[in-house]
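Counting from 1, the numbers follow the sequence of the chain as shown.
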Amino acid sequence: QVQVVESGGGLVQAGGSLRLSCAATGSIFSIDLMGWYRQAPGKQRELVATITTSSTKYADLVKGRFTISRDNAKNTVSLQMNSLEPEDTAVYYCNVLARSRSDMRVLRSYWGQGTQVTVSS
């Protein structure tokens, strides 16, 4: 089984920065993609950024402000968030597309429990 744990959320003033981290642990054979999603109250969960071994993808709303990075050796992914705005307030979830050692043929999606990011105006 694969476990995903996020850390680094908190309260910050508009214009400030936060860094989120996520670690995937357990019986991992390989990780295809790691990413961050967010869900604000009353809204659907939306993609923030994803990263593979060769590419990154960002939502238009965060381009130029957020940077996603990955440490393949440690199975971790980080999200550096700069110039935060009140509209960035949400629960941020880490997502990992991985194959476990128990069934290397199957690519599964694993989610963390989420970490709250609150940006005050």
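For the pair Thr25/Asn75, no side-chain contact is recorded, criterion being any heavy-atom separation below 4.5 Å from C-beta on.
Checked by atom type, the side-chain pair Ser109/Asn95 shows a donor-acceptor distance below 3.5 Å.
Shown here for Met81 and Tyr92, the closest heavy-atom pair between the two residues is SD-CE2, 3.9 Å. Closest of all the heavy-atom pairs between Tyr110 and Ser100 is OH-CB, 4.3 Å. The shortest heavy-atom contact between Ile31 and Ala24 is CD1-CB, 4.1 Å.
Residue pairs meeting the disulfide (SG to SG under 2.5 Å) criterion with at least one partner in residues 48-92, sequence neighbours excluded, are absent. Counting only residues at least two apart or in different chains, salt bridge (Lys or Arg N to Asp or Glu O under 4.0 Å) contacts with residues 43-55 comprise Arg38-Glu46. Pairs engaging residues 11-121 under the disulfide (SG to SG under 2.5 Å) rule: Cys22-Cys94 [sequence neighbours left out].
With values rounded to the nearest 0.5 angstrom, Arg70 atom CZ is found 7.0 Å from Leu33 atom CG. Atoms CG and CZ, on Asp103 and Arg101 in that order, are 13.5 Å from each other to the nearest 0.5 Å. Separating the CG atom in Asp32 from the CZ atom in Arg99 is a distance of 5.0 Å, to the nearest 0.5 Å. For the atom pair CZ (Phe66) and CG (Leu84), the distance works out to 5.0 Å, reported to the nearest 0.5 Å. Note that the CG atom of Leu47 and the CG atom of Asp60 stand 10.5 Å from one another [nearest 0.5 Å].
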Less than 3.5 Å apart, which donor and acceptor atoms pair up between the side chains of residues 113-121 and the rest of the protein, not counting sequence neighbours?
| from | atom 1 | to | atom 2 | distance (Å) |
| --- | --- | --- | --- | --- |
| Gln113 | NE2 | Glu6 | OE1 | 3.4 |
| Thr115 | OG1 | Gly9 | N | 3.2 |
| Gln116 | NE2 | Ala90 | O | 3.4 |
| Gln116 | NE2 | Thr118 | OG1 | 3.3 |

Only pairs under 3.5 Å count here: list side-chain donor-acceptor contacts from residues 10-19, not counting sequence neighbours, and write none if there are none.
| from | atom 1 | to | atom 2 | distance (Å) |
| --- | --- | --- | --- | --- |
| Ser17 | OG | Asn82 | OD1 | 2.9 |
| Arg19 | NH1 | Gln80 | OE1 | 3.2 |

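Relative orientation of the Trp111 and Tyr93 rings is perpendicular, given thresholds of 30° and 60° on the angle between their planes.
In terms of hydrophobic clustering, with Ile, Leu, Val, Met, Phe, Trp and Tyr side chains grouped at heavy-atom distances under 4.5 Å, Ile51 and Leu20 are assigned to a common cluster. Side-chain heavy atoms closer than 4.5 Å link hydrophobic residues (I, L, V, M, F, W, Y) into clusters, and following such links, even through other members, never connects Leu97 to Val4.
Tyr58 meets the ring pair (Phe, Tyr, Trp, His ring centres under 6.0 Å) test with no other residue; sequence neighbours excluded.
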Please report the C-alpha distance between Met34 and Thr76 in whole Å, then the side-chain angles of each, then the deciding distance to 0.1 Å, and finally whether the side-chain contact (heavy atoms from CB on, under 4.5 Å) criterion is met. CA-CA 8 Å; Met34 305 183 84; Thr76 59; 5.6 Å; no
